[in-house]
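Below is one structure, written out as structure tokens, with a few remarks after it.
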Amino acid sequence: MKPRLFSTLRRLQHENPLGLPKSGSIPRFQRGLPERRSIKDVKKVIAVSSAKGGVGKSTIAVNLALAYARLGLRSGILDTDIFGPSIPTLLNLSGEPRLSPNNQLLPLSNYGVKSMSMGYLVGDAAPVVWRGLMVMKALQQLLHEVEWGGLDVLVLDLPPGTGDTQLTITQQIVLDGAIIVSTPQDIALKDAVKGINMFKKVNIPILGMVQNMSLFTCPHCNKSTHIFGSHSGVTHACKEHDVKFLGDIPLHASICDDADRGKPTVVAEPESERGQAFMRLAQSVGEGVDLFKH
């Protein structure tokens, strides 16, 4: 009896999970690693990563993009977290993006920043219950089928971890650099180090590490406390792995409140100490990729 042959791959080709036109999709590569491509009409691309969830990476990413807009640059942010997109909430945006005459997704904008996210393409409460192939197809369409219309800088908000999404981005996109976000405690630092090693392995420049939720100052007695551990953990990790320390973002209730109401700190309180901390971070990161050179 002859063995039966199955062609499952042909049956499981989810060619267009977002229902978009097929023109302009990323080409298939038959052998070896894909060639890195620039994102069209974008001068500089900066990835914000944490490897660990819950450290405030998306809040830092959106404030970074807003800081560049405040500095007069054409700024955008791409939410690459397919399963848990945060940018729609942080920018107080919703609705399905329109298509351009070239069948490209048109970004949604607020506070002078253009944005794209899976959260615009599915409902707020709708889970994305997809297997890996569909996730990668969706990611590639977000990376290559958005009409940004000319940006000086695009911030990529990466999901936690060092898996398929991170590898796809680092192997297929020309990144000018990446920053690592960590909180002071060891359990977050261990994953942050994994992120550092991942970017080194794929030869992406690491612009530095930022310590989030570093210092809490009591509004009543003005006493400062390192709630999540001492400052030395992140600075020690930076020295050990030859990574620049980009600075501290304080632990403050207003940063969380601002994010939850869709008006991040750089917009809500730009002159506050916490707002200025984000501006200093943007300046330091921008200098690392020659963003301010004309």
Side-chain angles (χ1 to χ4, degrees), residues 5-40 42 45 47-53 57-58 61 76-91 93-100 102-108 114-148 154-175 195 198 202 204:
L5 299 177
F6 296 90
S7 139
T8 44
L9 285 177
R10 199 179 315 155
R11 298 177 187 176
L12 295 179
Q13 285 177 349
H14 303 281
E15 290 293 342
N16 206 348
L18 301 185
L20 298 175
K22 295 181 180 179
S23 61
S25 59
I26 189 169
R28 295 174 181 234
F29 295 91
Q30 300 300 324
R31 294 181 183 177
L33 292 177
E35 182 181 354
R36 286 180 177 145
R37 299 167 58 190
S38 298
I39 296 179
K40 187 179 179 182
V42 175
V45 181
V48 180
S49 175
S50 67
K52 185 74 173 177
K57 168 188 54 60
S58 294
I77 185 165
L78 176 59
D79 188 350
T80 65
D81 193 337
I82 302 298
F83 297 107
S86 301
I87 298 305
T89 298
L90 290 166
L91 288 178
L93 288 169
S94 61
E96 188 172 340
R98 293 177 297 136
L99 288 177
S100 74
N102 295 324
N103 293 322
Q104 303 287 292
L105 286 166
L106 292 174
L108 275 64
K114 294 181 179 181
S115 67
M116 183 51 62
S117 170
M118 178 57 68
Y120 301 143
L121 301 165
V122 297
D124 288 342
V128 179
V129 189
W130 289 351
R131 294 188 184 275
L133 180 60
M134 292 184 71
V135 173
M136 290 302 102
K137 283 285 186 179
L139 177 62
Q140 289 175 356
Q141 287 181 312
L142 290 176
L143 290 171
H144 297 287
E145 297 191 13
V146 177
E147 192 168 299
W148 291 107
L154 178 65
V155 177
L156 301 189
D157 181 18
L158 271 59
T162 55
D164 284 351
T165 298
Q166 290 81 1
L167 284 176
T168 296
I169 291 170
T170 56
Q171 290 177 354
Q172 294 187 3
I173 298 298
V174 176
L175 295 176
M198 178 196 72
V202 293
I204 300 296

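Just so it is clear, the values below take in all heavy atoms, side chains as well, and ignore hydrogens, waters and symmetry mates. Please read these numbers as outputs of a predicted model, since none were measured by experiment.
In plain terms, the two heavy atoms of Pro107 and Met116 that are nearest each other are CA-CE, 3.7 Å. The two residues Ser49 and Leu158 come nearest to each other via the heavy atoms CB-CD2, 4.2 Å. Among all heavy-atom pairs drawn from Ser115 and Tyr120, the shortest one is OG-OH, 2.7 Å. Shortest non-hydrogen contact noted between Val174 and Val45 is O-CB, 3.9 Å.
Qualifying side-chain contact (heavy atoms from CB on, under 4.5 Å) partners for Ser100, counting only residues two or more places apart in sequence or in other chains: Asn102, Gln104, Leu106, Glu147. Here Val202 pairs with Arg36, Leu167, Thr170, Ile204 under the side-chain contact (heavy atoms from CB on, under 4.5 Å) rule; sequence neighbours left out.
Listed by first and then second residue, the salt bridge (charged side-chain N to carboxylate O under 4.0 Å, His left out) pairs that reach into residues 154-168 are Lys57-Asp157, sequence neighbours excluded. Applying the side-chain hydrogen bond (donor to acceptor under 3.5 Å, both in side chains) test to every pair with at least one member in residues 76-91, sequence neighbours left out, gives these pairs: Asp79-Ser117.
Distance check: Leu143 CG to Thr168 OG1 gives 8.0 Å after rounding to the nearest 0.5 Å. Leu78 contributes atom CG, which lies 9.0 Å from atom CD1 of Ile87 (distance to the nearest 0.5 angstrom). A distance of 13.5 Å separates NZ in Lys114 from CG in Leu93, rounded to the nearest 0.5 Å. Atoms CG and CG, on Leu175 and Leu154 in that order, are 9.5 Å from each other to the nearest 0.5 Å.
Contact check for His144 versus Ile173: side-chain heavy atoms found under the 4.5 Å cut-off. Here the side chains of Ile169 and Gln166 are not in contact, with every heavy-atom distance at 4.5 Å or above. Thr165 places a side-chain heavy atom less than 4.5 Å from the side chain of Met136. Residues Leu121 and Leu142 meet the side-chain proximity criterion, which asks for heavy atoms closer than 4.5 Å. Looking only at side-chain heavy atoms (C-beta outward), Pro159 and Ile82 stay at 4.5 Å or farther from each other.
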Original post:
Can you check side-chain contact (heavy atoms from CB on, under 4.5 Å) on Ile77 and Leu91, steps first, answer last?
Top reply: CA-CA 10 Å; Ile77 185 165; Leu91 288 178; 4.1 Å; yes
